[in-house]
Amino acid sequence: MSKSLPYSTKDVHYDNAKFRPRSFFKVVTQNLLTSNLRRDCGSCSTGKFLFLLLIFGVAYLMLAHASSSGVVSDDQAIVNRKSFYANSSIVNGAGKIKRLWRRPPRLPPRFSPDETGTGNGNGHVLGNPDVVRSMWIARQKKVKEAFIHAWSGYKKFAMGYDELMPLSQHGIDGLGGLGATVVDALDTAMIMGLDEVVAEAGSWVEEQLSERISKKGQVNLFETTIRVLGGLLSAYHLSGGEKGTNLTHAGPKPAVYLEIAKDLADRLLSAFTASPTAIPFSDVILHDKSAHPAPGGLSSTSEVSTLQLEFNYLSQISGDQKYSLEAMKVMEHMKTLPKIEGLVPIYISPHSGEFSGENIRLGSRGDSYYEYLIKVWLQSGASSNTNTSFLYEMYKEAMNGVRHLLVRKSIPNGLVFVGELPYGSNSGFSPKMDHLVCFLPGTLAIGATKGLTKKQAMENNMLNFEDLENLKLAEDLTKTCFEMYAVTSTGLAPEIAYFHTEEFSEEGHDGGNKSSEFVNDIIIKPADRHNLLRPETVESLFVLYRITEDPKYAFTLLMYKISLYFYFFWPCVRNSENKLNFVFPDSFFFVIIRYEYFVLQISGMGLANL
């Protein structure tokens with residue numbers, strides 16, 4: 001007899017963007033705050049909804065005595081996304097609606113037959129090349145329009161705040177209060193050539209960000225580094241900074257971004273220097289350049305090891321090695337710590353410098369440790385002769401450990417997924433996979449080819465058996481990440497999925513898309529049925545498209561885009577059960593937009609011309 005799936009509430013109170021579930025209190029208070037506000041959509045207004053319900057009830061009474069012929073089925077409302085992934089097309093279902101009062105899911109638009117393509121393994125897309133090019137360019141324009149739409153809403157209702165609450169139409173500071181969305185939007189606007197947006201965001205950065213930094217209290221080291229410091233460094237590079245690409249003539253001079261980045265990083269360094277070990281504290285008081293550990297004293301493994309790309313690049317362009325030296329001490333110290341086949345627990349103590357607990361996972365608190373191992377090594381030159389070659393060895397050992405200890409297949413249809421070891425390698429395996437784990441396909445692909453295309457790597461005899469295994473796992477996991485979207489009735493993935501295995505099962509918690517081949521493989525618990533606009537799947541689709549040159553990944557990403565726009569541009573934000581949900585599309589959205597724009601540009605220009 002199968003056991004019920006384990007469910008832990010250990011991380012429920014972890015309120016940051018790596019893993020930010022909404023508490024019951026937040027749901028209730030947000031509902032009370034927004035219930036009386038006007039909506040652009042009739043279904044989001046209580047009064048209009050009740051009025052429509054009254055009309056619907058009268059209509060039902062009138063129809064109850066009429067013939068029931070000509071009514072459409074529930075099954076017809078569900079898109080068969082399985083065949084889309086395999087053939088880059090979408091197939092209709094057929095049948096009848098059994099109950100008039102059951103509203104079918106609001107489904108994303110579908111491709112017309114002439115818009116769909118098929119991956120044939122040779123990197124070709126069906127159709128006339130000129131027509132296909134025009135089609136991709138037109139879609140790229142739509143992505144740009146989506147970015148402008150999102151930026152306009154943010155600028156109107158939340159300019160200078162970290163995030164926008166779209167229903168109540170106001171801003172909140174949930175990521176430190178340094179205008180995370182403004183800074184995150186800058187590089188995307190530069191890439192798209194949107195000089196007006198660059199000027200607006202750049203002016204805010206130049207006029208207000210320095211003062212905010214100098215007066216700001218507590219911020220999270222990790223969040224501030226990857227969003228604000230990383231955003232400033234990207235803006236510096238893309239605006240023509242040293243060895244950078246000048247994509248815009250709008251906004252401040254590159255030196256403005258660099259000086260603000262240095263000021264911010266100087267304050268963040270206190271997290272490293274205040275700690276008694278090489279492991280930094282998690283929280284920084286910016287105005288007085290002090291730092292302290294998180295409540296409980298522990299730091300997240302992923303957070304302390306996801307700072308190095310930004311600090312290394314800042315040292316490179318500023319000529320001051322202090323940033324890189326402090327950040328790389330973390331990785332050098334982690335090299336000396338005991339591991340289980342290269343895998344590490346998700347907590348580490350800045351007081352002792354040792355890992356804490358036995359929980360091993362590639363989801364929240366663990367994910368980007370593995371991602372930065374390979375990316376920092378590539379950033380340093382990807383050579384076995386460099387002083388960072390130990391990172392590549394750690395990466396290889398960890399990926400072997402992932403394949404041996406964490407990779408399983410679901411039943412009945414064999415989706416490959418990455419589970420967890422919540423109590424270490426000597427205890428039980430949990431078939432739980434965070435959406436965050438969808439970073440892994442892209443990381444595996446980059447690690448296998450060292451950033452080259454698969455064709456280039458094979459021509460240069462760079463792929464050994466282990467690399468080919470990792471590349472195959474990358475493709476299998478990309479499919480799983482896509483199916484986490486396709487298995488739901490909305491086309492939006494949950495924050496967390498469980499997988500049906502021989503040991504674990506749970507009835508009544510499927511994704512809702514009954515036409516999906518994998519509806520019985522993926523289990524979605526009620527608490528996990530929300531979507532935070534995470535960009536991991538989109539990034540992996542982008543990387544797989546670049547490396548394999550297989551157009552199915554471009555079409556899959558486009559299908560993701562359609563689902564996303566359909567639900568998040570609709571005034572009522574909805575979750576994977578098609579219910580009203582109070583999540584806020586924050587700066588993650590601009591990251592997603594960026595990858596989509598890249599894919600469409602590649603498809604329009606041809607890989608060789610990018």
Checklist entry - Between the main-chain N or O of Y369 and the side-chain N or O of S302, is there a donor-acceptor pair closer than 3.5 Å? => result no
Next on the checklist: Given 3.5 Å as the limit, does a donor-acceptor pair link the side chain of N470 with the main chain of A448, or not?
Outcome noted: no
Checklist entry - How many angstroms lie between atom CZ of F482 and atom CG of L541, to the nearest 0.5 angstrom? => result 8.5 Å
Item to check | side-chain contact (heavy atoms from CB on, under 4.5 Å) between Y553 and D550, intermediate numbers included | outcome: CA-CA 6 Å; Y553 296 111; D550 190 332; 3.9 Å; yes
Checklist entry - So which heavy atom on G414 is nearest to which on D521, and how close? => result N-OD2, 3.6 Å
Item to check | Minimum-distance pair of heavy atoms, taken over all atoms of V416 and L477 | outcome: O-CD2, 3.5 Å
Checklist entry - Between T501 and P431, which heavy-atom pair has the shortest distance, and what is it? => result CG2-CB, 4.1 Å
Checklist entry - With distance as the sole test, does S516 use its side chain to make a donor-acceptor pair with the main-chain N or O of A486 at under 3.5 Å? => result no
Checklist entry - Hey, are the side chains of K454 and E549 touching, using non-hydrogen atoms and a 4.5 Å cut-off? => result no
Checklist entry - Hey, what do you get for CD (E469) to CG (N400), rounding to the nearest 0.5 Å? => result 8.0 Å
Checklist entry - Do the side chain of D162 and the main chain of T181 share a donor and acceptor less than 3.5 angstrom apart? => result no
Item to check | Heavy-atom closest contact (I522 atom, A497 atom, distance) | outcome: CG2-CB, 4.0 Å
Next on the checklist: So, taking the atom named CZ in R361 and the one named CG in L343, what distance separates them when rounded to the nearest 0.5 Å?
Outcome noted: 13.5 Å
Checklist entry - Which heavy atom of Y498 sits nearest a heavy atom of K525, and at what distance? => result CE1-CD, 3.4 Å
Item to check | Side chain to side chain, H530 and P494, heavy atoms closer than 4.5 Å | outcome: no
Checklist outcome for this item: For F417, the ring-ring contact (aromatic ring centres under 6.0 Å, His included) test, sequence neighbours excluded, returns F499
Checklist entry - Would H500 and F518 satisfy ring pair (Phe, Tyr, Trp, His ring centres under 6.0 Å), going step by step from the backbone distance to the final call? => result CA-CA 10 Å; H500 183 193; F518 302 99; over 10 Å; no
Checklist entry - Which residues satisfy the salt bridge (Lys or Arg N to Asp or Glu O under 4.0 Å) test with K455, sequence neighbours excluded? => result none
Item to check | Working for side-chain contact (heavy atoms from CB on, under 4.5 Å), residues N531 and L533 | outcome: CA-CA 6 Å; N531 184 287; L533 296 180; 4.0 Å; yes
Checklist entry - Can K472 and E466 be said to form a salt bridge (Lys or Arg N to Asp or Glu O under 4.0 Å), step by step? => result CA-CA 10 Å; K472 176 63 167 61; E466 187 178 288; over 6 Å; no
Item to check | Residue K396 excluded, over 12 heavy atoms near NZ under 6.0 Å | outcome: yes
Next on the checklist: Does V418 form a side-chain contact (heavy atoms from CB on, under 4.5 Å) with V437? I'd like the steps, not just the answer.
Outcome noted: CA-CA 8 Å; V418 174; V437 180; 4.0 Å; yes
Checklist entry - Are any of the side-chain heavy atoms of D476 and K479 separated by less than 4.5 Å? => result no
Checklist entry - Is a side-chain N or O of D510 found less than 3.5 angstrom from the main chain of G512, in a donor-acceptor match? => result yes
Checklist entry - Going by atom types only, do E483 and T480 share a side-chain donor-acceptor pair under 3.5 Å? => result no
Next on the checklist: Checking the side chain of S300 only, and the main-chain atoms of E303 only, is there a donor and an acceptor separated by less than 3.5 Å?
Outcome noted: no
Checklist entry - Closest heavy-atom contact between I346 and S364? => result CG2-O, 4.3 Å
Checklist entry - Rounded to the nearest 0.5 Å, how far does CG of L544 lie from NZ of K552? => result 8.5 Å
Checklist entry - Can E371 and L440 be said to form a side-chain contact (heavy atoms from CB on, under 4.5 Å), step by step? => result CA-CA 7 Å; E371 178 185 5; L440 186 59; over 6 Å; no
Next on the checklist: Quick one: does any side-chain atom of D434 pair with a main-chain N or O of I496 as donor and acceptor, under 3.5 Å?
Outcome noted: no
Checklist entry - Quick one: does C481's side chain get under 4.5 Å of M433's, heavy atoms only? => result yes
Item to check | Distance-only donor-acceptor check, side chains N359 and R365, under 3.5 Å | outcome: no
Next on the checklist: Looking at T449 and A457, would you say the former's side chain and the latter's main chain have a donor-acceptor pair under 3.5 Å?
Outcome noted: no
Next on the checklist: Do L194 and K144 have side chains that approach each other closer than 4.5 Å (heavy atoms only, starting at C-beta)?
Outcome noted: yes
Item to check | Within-4.5 Å side-chain heavy-atom neighbours: I446 and L378 | outcome: yes
Checklist entry - Quick one: OG1 on T537 to CG on L436, what's the gap to the nearest 0.5 Å? => result 9.5 Å
Next on the checklist: Quick check for you: to the nearest 0.5 Å, what is the distance between I360 atom CD1 and L406 atom CG?
Outcome noted: 7.5 Å
Item to check | Lys/Arg N to Asp/Glu carboxylate O, E495 vs R534, below 4.0 Å | outcome: yes
Item to check | Non-hydrogen side-chain atoms of V402 and L362 separated by less than 4.5 Å | outcome: yes
Checklist entry - Do you see a donor-acceptor pair shorter than 3.5 Å between the side chains of H149 and Y154? => result no
Next on the checklist: Less than 4.5 Å apart, side chain to side chain, heavy atoms only: is that true for F222 and R227?
Outcome noted: no
